[in-house]
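Just follow the structure's listing: the first ligand is 1, and inside any ligand the first atom is 1.
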Amino acid sequence: MEKIRLGISSCLLGEKVRYDGGHKLDRFLTDTLGKYVDYVSVCPEVECGLGVPRKSMRLEGNSDSPRLIVTSTREDMTGRMTAWSQKRVKELENESLCGFIFKSDSPSSGMERVKVYNEKSMPAKTSSGIFAKLFMEHFPLLPVEDEGRLHDPGLRENFIERIFALRRWREALSDKNIKKRLIDFHTKHKLLILAHSPRHYQQMGRLVAAQKNFAEKDIYKQYQDLLLESLKIKATPAKHVNVLQHMMGYFKEQLSADEKKELLELIDHYHDGYIPLVVPVTLISHYVRKYDEPYLSEQVYLNPHPSELQLRNHV
Ligand code: SF4
């Protein structure tokens with residue numbers, strides 16, 4: 001698989017582009033996730049022509065349409081940043097991005113909960129940074145996160161699962177025999193999608209079954225939208241348990257009573273939060289290999305992202 005292309009706020013890569021000439025290097029993003037990713041670095045403040053170092057800015061006024069103000073001089077940079085951002089998001093259409101990682105709290109790059117100051121200079125509301133807001137409006141379903149939220153293991157897992165899924169989907173789209181690839185993609189992603197949203201899985205299934213009734217472009221757009229919407233929905237322990245029990249059903253004949261009891265206990269312990277998801281998944285993967293179970297061996301659910309990222313290891 002080719003590397004995943006991800007947009008990222010430049011300072012997270014260690015580039016010295018912050019207002020004070022510093023950076024905000026994030027080692028997980030560069031050293032760990034970076035092995036699988038080609039980053040497209042974006043620093044809105046430098047790229048729109050403000051130098052390094054520069055005076056600090058903040059959001060002020062109405063949280064629906066805040067102004068970007070230089071704190072010390074009161075200069076209003078909103079128009080300049082907005083015009084540059086509108087041009088930059090158009091350019092980013094050509095980058096095949098599978099997502100974007102924003103720098104938290106920045107009045108330009110912050111994804112959410114960026115402070116908006118009132119006329120008394122108090123942080124009264126929150127909003128998104130000017131560039132981040134325009135990016136998310138332009139690419140409404142593209143996976144986005146900020147580096148602060150990515151410290152939460154559940155949010156990290158969800159984001160990385162989505163960018164890998166989108167990469168696989170883009171790869172399927174580039175296949176000449178896309179009709180067959182759509183069925184294949186849908187089949188292999190069944191359990192992964194069910195762990196997030198059984199409702200979306202049904203909708204996507206109806207779309208795949210009726211693909212000859214749609215123009216090609218429409219069906220792939222609709223399928224991609226449903227895929228991204230479904231994976232954004234949190235995969236709860238209860239939904240994972242349904243998937244795990246469903247997989248266990250494939251080994252009714254092969255497993256002894258003791259083995260079934262052991263696996264059920266692991267699934268219960270996972271459900272109760274005593275052990276991470278990786279434990280029952282690893283045992284099931286072992287049975288899939290041991291008994292050469294063809295349908296499950298193809299399921300992306302068992303291996304949605306590289307195990308080196310250790311994403312299913314949290315309780
Ligand atoms: S937060 Fe955004 S604007 Fe600020 S230095 Fe980082 S990339 Fe540049």
*Criterion side chain to side chain donor-acceptor pair (under 3.5 Å) against His138, the qualifying member of Gln86, Lys133, Glu93*: Glu93
*Has Ser10 got an N, O or S atom lying less than 2.8 Å from atom 2 (Fe) of ligand 1?*
no
*What residue and atom, counting heavy atoms only, is the protein's closest point to atom 6 (Fe) of ligand 1, and at what distance?*
Cys11 SG, 2.3 Å
*Can you label the angle between the Tyr295 ring and the Tyr250 ring as parallel, tilted or perpendicular, going by 30° and 60°?*
parallel
*Quick one: are Met122 and Tyr117 in side-chain contact, heavy atoms under 4.5 Å?*
no
_Which label fits Phe251 and Tyr291: parallel for a plane angle under 30°, tilted from 30 to 60°, or perpendicular past 60°?_
tilted
*Is the closest heavy-atom distance from Val17 to ligand 1 below 4.0 Å?*
yes
*Under 30°, 30 to 60°, or over 60°: which ring-plane class applies to Phe139 and Phe135, parallel, tilted or perpendicular?*
tilted
*Give a yes/no on ligand 1: does Met81 have at least one heavy atom closer than 4.0 angstrom to it?*
no
*Mark up the atoms of ligand 1 that fall under 4.0 Å of a heavy atom belonging to Lys103, in ascending order.*
1 (S)
*Assess Val42 for proximity to ligand 1: is some non-hydrogen atom of it under 4.0 Å away?*
yes
*Just jot down the ligand 1 atoms closer than 4.0 angstrom to any heavy atom of Glu45, in number order.*
3 (S)
*When you check the side-chain N and O atoms of Asp76 and Thr78, is any donor under 3.5 Å from an acceptor?*
yes
*asked:* Using the ring pair (Phe, Tyr, Trp, His ring centres under 6.0 Å) definition, which of the options His189, His246, His240, His196 pairs with Tyr301?
replied: His240
*Tell me which protein heavy atom sits closest to atom 2 (Fe) of ligand 1, plus the residue, atom name and distance to 0.1 Å.*
Ser109 OG, 2.3 Å
*So which of Gly129, Ala132, Ser106 gets nearest to atom 4 (Fe) of ligand 1, if we judge by its closest heavy atom?*
Ser106
*Checking only N/O/S atoms, does His23 have one that is under 2.8 Å from atom 6 (Fe) of ligand 1?*
no
*Enumerate the atoms of ligand 1 whose separation from the nearest heavy atom of Arg54 is less than 4.0 angstrom.*
5 (S)
*Do the ring planes of Phe164 and His305 sit parallel (below 30°), tilted (30 to 60°) or perpendicular (above 60°)?*
perpendicular
*Pull out every atom of ligand 1 sitting under 4.0 Å from any heavy atom of Arg18, numbered as shown with elements.*
5 (S)
*Which residue and non-hydrogen atom of the protein lie closest to atom 8 (Fe) of ligand 1, and at what distance in Å?*
Cys43 SG, 2.3 Å
*Say you draw a straight line from NZ of Lys125 to CG of Leu59; how long is it, rounded to the nearest 0.5 Å?*
13.5 Å
